[in-house]
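Numbered from 1 within each chain, the chains take letters A, B, ... in sequence-line order.
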Amino acid sequence: LVTLTAMLNAYAQNGHLDEAKFVFDSMKERNLISWNVMLTAFADSGFLQAAKDLYHCMPEHDLITWTAMLVAFASDGQVEQAKRVFDQMDERDLVAWNAMLCAYADNGHLEECKRLFDSMKERNIVSWTVMVTAYSEFGYIRDARILFDRMKEWSLVTWNAMLSAYAQNGQVLEAKKLFDKMDERDAVTWTALMVVYAQNGHLKDAKLLFDRMEHWNLITCNVLLSAYTDSGHIDSARELLESMLERDVVSYNSMLCAYARHGHLEDAWRILELMPEWNLITWSALFSAYAQRGYLEEAMKMLYNM
RNA sequence: CCAUGCAUAUCGCAGC
């Protein structure tokens, strides 16, 4: 049972929902954990209704079930529902409180978020980090920093969150200063710094950083890729894309968008045909490129074919 | 010491 559940979870984590479902359905016995894993898998893939259905089929619920549902509602934008789940829970631990904090923060309810945070009798690093992120996402970088400085202990995620706050606000110097103070760094750290360089016209520095980095992954490459496309270095972008070990829809979208913007519509289509999957961004990138160049008919034809 | 729930990085358009 433990092994199967672990497998189920592995599938779920990697986005293989169908396989996860298959494993779940073929399990002869299940415990609360297996049910919870399946519920989370549905929720993470955006199938809120499936998650709700499963919830009602489950023989029992626990704190984890409730929290998972809370998060599912929140990521669907249903804060009210999330709050209802929260209120109806028999017991709440810190994770549940933090999840509710996030629910408010991610859905634009900064006031509620602050109120909840202030009412918490117990807080941990995650609670504080959620608040740092919340403030920064509403543009209150100073307040985010004040909170950051008031913390008694920090995790790498906390540091990264503060760094991203500066990055998202284009505060290159502050970002670099914070980066230099960090004694532990991971791929997120490096990528965040690269973003601030790339988005403020320091392409050279971004590339330099990329070459000096200690951790890379797909996202890192995507950041450099869009640094190239944003600055019009299409050839460098293409070279990078071709040399990448793995690519995802984001990588292709950046490239496609660059081609489309520069009027290389055939190249854009070539990318489109290369892509294993498309999303909304893919189509709107193509569509707006057509529309902005006055090819309304082409654009409309595309809409039909989607 | 790890089978399940909470925080951090990347792509388009429009809005604020």
J.: Ignoring backbone atoms, test whether A:R261 places a side-chain nitrogen or oxygen under 4.0 Å from the OP1 or OP2 oxygen of B:C13.
T.: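 For B:C13, OP1/OP2 do have a side-chain N/O of A:R261 under 4.0 Å.
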
J.: Base, sugar-phosphate or nothing for A:N124? Non-hydrogen atoms, less than 4.0 Å.
T.: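 No contact at all - A:N124 keeps every heavy atom at 4.0 Å or more from the nucleic acid.
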
J.: For A:L63, report the nucleic acid contact type (base, sugar-phosphate, nothing); a contact means any heavy atom under 4.0 Å.
T.: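 Contact class for A:L63: base.
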
J.: May I ask you to check whether A:W35 and A:Y55 place their ring centres under 6.0 Å from each other?
T.: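 No - the distance between ring centres of A:Y55 and A:W35 does not fall below the 6.0 Å cut-off.
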
J.: With the side chain of A:V95 defined as its heavy atoms from C-beta on, choose the nearest nucleotide among B:G12, B:A3, B:G5.
T.: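 Between B:G12, B:A3, B:G5, the one nearest the side chain of A:V95 would be B:G5.
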
J.: Please give, in whole Å, the distance from B:C11 P to A:E277 CD?
T.: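 Whole-Å distance recorded here is 17 Å.
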
J.: Report yes if a donor N or O on one partner sits less than 3.5 Å from an acceptor N or O on the other, where the partners are the side chain of A:N31 and the base of B:A3; otherwise report no.
T.: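 Pair found.
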
J.: What's A:S34 touching, base or sugar-phosphate or nothing? Going by heavy atoms closer than 4.0 Å.
T.: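 Nothing, no heavy atom under 4.0 Å.
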
J.: Looking across every strand, which nucleic acid part, if any, lies under 4.0 Å from A:V223 by heavy atom: base, sugar-phosphate, or nothing?
T.: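 Sugar-phosphate, backbone atoms only, no base.
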
J.: Verify whether one side chain among A:N160 and A:D186 offers a donor that lies under 3.5 Å from an acceptor in the other.
T.: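 Their side chains do contain a donor-acceptor pair, which is all the 3.5 Å distance test asks for.
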
J.: Report yes if at least one side-chain N or O of A:Q13 is closer than 4.0 Å to OP1 or OP2 of B:U4; otherwise report no.
T.: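 No, because none of the side-chain N or O atoms of A:Q13 sits under 4.0 Å from OP1 or OP2 of B:U4.
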
J.: Could you tell me how far apart A:Y55 (OH) and B:G5 (P) are, to the nearest whole angstrom?
T.: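 Distance, rounded to whole Å: 17 Å.
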
J.: Taking only N/O atoms, report every protein-nucleotides 14-16 of chain B pair under 3.5 Å with atom names and distance.
T.:
none

J.: May I ask you to verify whether the side chain of A:N160 and the base of B:A7 hold a donor-acceptor pair under 3.5 Å?
T.: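 No pair found.
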
J.: Taking donor-acceptor contacts at under 3.5 Å, does the side chain of A:D62 reach the base of B:G5?
T.: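 There is none.
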
J.: If we only count heavy atoms from C-beta on, is the A:F210 to A:M213 side-chain gap below 4.5 Å?
T.: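 Side-chain contact under 4.5 Å: yes.
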
J.: Determine the contact category for A:D93: base if any of its heavy atoms lies under 4.0 Å from a base atom, sugar-phosphate if only primed atoms, P, OP1 or OP2 are that close, otherwise nothing.
T.: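 A:D93: base contact, heavy atoms under 4.0 Å.
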
J.: Any side-chain heavy-atom pair from A:L70 and A:Q81 closer than 4.5 angstrom?
T.: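 A:L70 vs A:Q81: side chains apart.
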
J.: Does A:Q199 have a side-chain nitrogen or oxygen under 4.0 Å from the phosphate oxygens OP1 or OP2 of B:C11?
T.: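 Checking A:Q199 against B:C11: at least one side-chain N or O falls below 4.0 Å of OP1 or OP2.
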
J.: With a 3.5 Å distance limit and no angle check, can you tell me whether A:W66 reaches the backbone of A:Q88 through a side-chain donor-acceptor pair?
T.: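 Not confirmed, A:W66 side chain does not pair with A:Q88 backbone.
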
J.: Using a 4.0 Å heavy-atom cut-off across all strands, classify A:Q168 as base, sugar-phosphate, or nothing.
T.: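 It contacts sugar-phosphate atoms only.
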
J.: Of all the nucleotides listed (B:G5, B:A7, B:C6), which has the minimum atom distance to the side chain of A:T40?
T.: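 When the side chain of A:T40 is considered, B:G5 is the closest of B:G5, B:A7, B:C6.
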
J.: Determine the sole option in A:Y135, A:Y166, A:Y140 for which the side chain to side chain donor-acceptor pair (under 3.5 Å) test with A:R145 is passed.
T.: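 That would be A:Y166; it is the only one of A:Y135, A:Y166, A:Y140 passing the side chain to side chain donor-acceptor pair (under 3.5 Å) with A:R145.
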
